[in-house]
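Data first, discussion second: the structure below is written as structure tokens.
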Amino acid sequence: MHTMTNAADLLTQTLEQAVDAVVMIDEHNHVILFNAAAERLWGRPREQVLGRNVAMLVPAGIRAQHDGFIQANRDTGIDRIVGSSIELPIERADGCIVWGSMSISRIRMPEKTLYTAFVKDITERRQLDETLKLMSLCLNETDNAVIVTDAEERILHVNTGFTRLFGWSLDEARGQRPQSLLFAHPCCPRRHFDDIETELSLGRSFRSDELVCDRTGHPLWCSMVLNPIAAPGGGRSHTVGILTDITHTKMHEVLQHKVLAAMAREASLTEVMNLVCTEVEHVAPEITATILRVDNDQRLRPLAAPSLPPSYSHALDGAPVGPNAGSCGTAAFRGEPVLVTDIARDPLWADYKHLILPLGRKACWSSPIKAHDGRVLGTFAFYFKECRGPDRLHERLVEVCVDLCALALEREESRARIRQLAFYDPLTGLPNRSLLHAHADQAISRAARNDEPLAVLFIDLDRFKQVNDSLGHPAGDELLRIATRRLQDEVRDADIVGRLSGDEFVVVLTQCDSARATDTVERLLAALSTPCQLGDVVLTPSASIGISLFPDNGRDMETLLHHADMAMYQAKGGGRGRFSFFSDEMNALAQERLALEAALREALSKGQLQLHYQPQLDLESGQLYGVEALARWTHPQLGNISPVRFIPLAEECGLIGALSQWALREACRQLADWRSRGLVIPAVSVNLSPTNFHNLELPRAIAETLRAHALAPSDLTVEITESVLMDTHPSTLKTIAEIHAQGVRLAMDDFGTGYSSLGYLRQLPVTELKLDKSFVSSLNDDHATRALTHAVIRIGDSLRLTVVAEGVETAAQRSILRSQGYHIAQGYLFSPPLPAPALERWLQARADATS
Ligand SMILES: Nc1nc2c(ncn2[C@@H]2O[C@H](COP(=O)(O)O[C@H]3[C@@H](O)[C@H](n4cnc5c(=O)[nH]c(N)nc54)O[C@@H]3COP(=O)(O)O)[C@@H](O)[C@H]2O)c(=O)[nH]1
């Protein structure tokens, strides 16, 4: 008994001092033992627990069923709870949850069964487990690769992200150096690891973007961060490295940077495209990249294929885009990527496989390169040495590259458009003046270097203006296009054809002497004069051609062109469809003309021109009808220069406006002066050139001049020639109508010599016709002329126009004219044109004679 008591005490003491909580319950599930560790675990003193149902210690979730579980064990003896340990949450008195690992012992006694629970506090371990579990999630359930190395930089651990990214398992990686796994492949750039070691040994983190390779040698761009872990005794115990796959971003960045840099330094399109292919092949060595352009005729034009022999590109050049045109032609046709995994068998490649299979490429994936408006500009293709399709990296590469290629191609298109606008004539597509000069300069330099002759042709279409005026501008444009085609057809590739302006073309014939130039020009004239259909009209065009030769007629394009232009004028002067070589005489004439132009300019500005006046007389009464003012120029050195020479010169060099204004002012001044001195001069006629009527200010200037000299509009007659009618300038008819509306009289000069239609007499408000002196001069001996002069006076009479006969030199002419009904005449018979004082004397002499 004593021994028993001691044993029970011993047991109680032992249980009391146990590290783990001990709870014993009786057959009514009442707690009969609750040791000190249990008090600490549940946070309850034993007084609160002893004698009460153990359910109070059980977690709330199973409290209701708890007694049932124990009773089931008592009744059945089936051990669900005894003999094993379970982990369960424990609700402490303060509401906190701690964790215990519980094992239950069943104590069978004859009359009852007791249970003892041993509960170990595992709260801390549970928390640690939880932390480890989360850490493991962090470590493994990420796309980043994590490496832990020891002090010797040998791998201790890699996460599953590492295995996924690089293909090496933990077992394979353990003990290796990271560089031997990631940087060892030949495709990796050579890397010196000293800088990494320096940083880590100083206890500093190391960060950089690196091109590494996976187990298969596949390159990947990784952002790498290495953190050294300090050892307790100094130095470093571990290094933790994290590598993040930035291939896509980096690829984009690197490719974009390189390609944009190339474009910024004005690299050619071919250079840029080759760069794209080379960079792509560097990232993915298993592919062969090619870029093709689609031209305006929907044909493929190779731009880059740096890893394929040039013969392949040559063979593809000009291949059509279509539904069965290999991967590229089909991709361009469909506007979507085309994958052919087996070129040998795929029908799309039937016509092309013989070109690529011998080069060891078995599959091809081609993607269209599209402009921002959706047009297919080209194709970007990957060829594979195996029958396969693209992987994710390839897809990413294509995504990046097609955008860059589109940018480069669109940029090229814009540049070509700008070049076209800047250097080509939009109507004919021929080089314009600037480009023509640039090409011609090169050709002349080449000719000079090689001591070869060269010819410059200046071509002007005959009567082009009339085509424009009569058939309209679209017909004129079409004629220019036809002429362009004909010129292009007749010259060689090495020759240059350009359009200067309007109907002026220039052809530079390289390696061409005068004999060859003659042959070519004859051919060109024949081609240009072939009849052509312009709308409803069949036209037989023609051209005049001037030729200058290098080096005889000039050593630069400007001189050669100028001389060819002069020769062209010479040719035009000889009639339609002719050609003329430039000559020194021609040049001398041109020089003379230039000198004369300068002298005329000076004469005008210094008031060196004069007006002479020729009287016009009434044949019946002998009364003065009026005087015609005619310009005269006496040059200090050259002497008298005829208006037949200086009036056309003034028209050509733009001086006719100033000259005519001067003539108008001077004639009005003189008339006003005569009148102020009592001389009876009924009116003065002034000659104006067709171009004077382009000036809408002319009516106002005439009105002001008349006003300034207190003259009536009817005191002035403006003489116009029939050629005014050939002038289609929009201002001409308006100006003439305004002058007429003021009351100024209009005379049609040189009547009968020009435009052979009388219809214009209805269009122009003329009041006077001047029969040309050529009719008068042949009146005596030509019956036909007499019939014509008769007809003219009839026309004048019937239209109520005054008819003035010009150039009357003989009494016989006067007599015939009088008999035909002419009333007014002018000519040497009466007086030549005279300076104002001489005219005054002439008038005085006549007056004296009659009185
Ligand atoms: N726009 C301007 N044109 C002008 C001006 N001054 C003259 N001209 C035109 O120049 C052409 C030549 O003129 P010119 O040499 O003066 O010859 C005129 C007369 O001198 C000449 N004439 C007169 N009578 C006779 C004659 O009996 N026989 C003969 N052989 N010639 C004669 O005829 C010319 C008259 O010209 P027009 O009446 O104008 O036809 C000439 O076309 C002038 O118009 C000017 O200031 N502005």
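Counting convention: from 1, in listed order, for ligands and their atoms alike. Sequential numbering from 1 along the given sequence is applied to the chain's residues.
For the residue pair Arg499 / Thr428, no side-chain donor-acceptor distance below 3.5 Å is found, with atom types taken as modelled. No hydrogens or angles considered: a donor-acceptor pair under 3.5 Å links the side chains of Glu628 and Asn687. Inspection of the Asp460 and Ser544 side chains reveals no N or O donor paired with an N or O acceptor under 3.5 Å. Asp462 and Ser542 are linked by a side-chain donor-acceptor pair at a separation below 3.5 angstrom, with hydrogens and angles left out of the test.
Counting atoms of ligand 1 from 1 in the listed order, those under 4.0 Å from a heavy atom of Ala631 are 5 (C), 6 (N), 7 (C), 46 (O). Close contacts of ligand 1 with Gly827, meaning ligand atoms under 4.0 Å from a residue heavy atom, involve 24 (N), 27 (O). Near Ser689, the atoms of ligand 1 lying under 4.0 angstrom from a non-hydrogen atom of the residue are 1 (N). With ligand atoms numbered from 1 in the order given, ligand 1 contributes 20 (O) to contacts under 4.0 Å with heavy atoms of Pro833. Atoms of ligand 1 found under 4.0 Å from any heavy atom of Glu719 (numbered from 1 in listed order, with element): 38 (O), 39 (O). Near Asp750, with a cut-off below 4.0 Å to any heavy atom, the atoms of ligand 1 are 40 (O). Set against the non-hydrogen atoms of Ile647, the atoms of ligand 1 under 4.0 Å away are 1 (N), 2 (C), 3 (N), 4 (C), 5 (C), 45 (C), 47 (N). Close approach to Glu806 involves these atoms of ligand 1, each under 4.0 Å from a residue heavy atom: 35 (C), 36 (O), 37 (P), 38 (O), 40 (O).
The nearest protein atom to atom 30 (N) of ligand 1, hydrogens excluded, is given as Glu809 OE2, 3.3 Å; this is a heavy-atom distance. Scanning the protein heavy atoms around atom 44 (O) of ligand 1, the nearest turns out to be Asn687 OD1, 3.3 Å. The protein non-hydrogen atom at the shortest distance from atom 14 (P) of ligand 1 is Pro643 CG, 3.6 Å. If you check which protein heavy atom lies closest to atom 33 (O) of ligand 1, you get Lys773 NZ, 3.0 Å. Closest protein heavy atom to atom 25 (C) of ligand 1: Tyr828 CE2, 3.3 Å. Of all protein heavy atoms, the one lying nearest to atom 7 (C) of ligand 1 is Leu630 CD2, 3.6 Å.
Closest heavy-atom approach to atom 16 (O) of ligand 1 within the set His612, Lys770, Arg632: this belongs to Arg632.
Rounding to the nearest 0.5 Å gives a distance of 12.0 Å between CD1 of Ile816 and CZ of Arg814. Rounding to the nearest 0.5 Å places NZ of Lys734 at 14.5 Å from CZ of Phe693. Expressed to the nearest 0.5 Å, how far CD1 of Ile681 lies from OH of Tyr625 amounts to 14.0 Å.
Remark: Ala712 pairs with Ser714, Asp715 by the side chain to side chain contact (heavy atoms under 4.5 Å, CB included) rule, at least two apart or across chains. Scanning for side chain to side chain donor-acceptor pair (under 3.5 Å) contacts around Arg846 gives an empty result, with sequence neighbours left out.
Taking any N or O of Ser642, backbone or side chain, none lies under 3.5 Å from an N or O belonging to ligand 1. Ligand 1 has no nitrogen or oxygen under 3.5 angstrom from a nitrogen or oxygen of Val644. Residue Gln826 has no nitrogen or oxygen atom sitting less than 3.5 Å from a nitrogen or oxygen atom of ligand 1, judged on distance alone. At a 3.5 angstrom cut-off on N or O pairs, Gln614 counts as close to ligand 1.
The existence of a salt bridge linking Arg486 and Glu490 is excluded, since no basic side-chain nitrogen approaches an acidic carboxylate oxygen closer than 4.0 Å. Between Asp673 and Arg677 there is a salt bridge, since at least one side-chain N of the basic residue sits less than 4.0 Å from a carboxylate O of the acidic one.
The aromatic rings of Phe582 and His563 lie parallel to each other, with less than 30° between the two planes, well short of the 60° mark.
For atom 42 (O) of ligand 1, no protein non-hydrogen atom is found at a distance below 4.0 Å.
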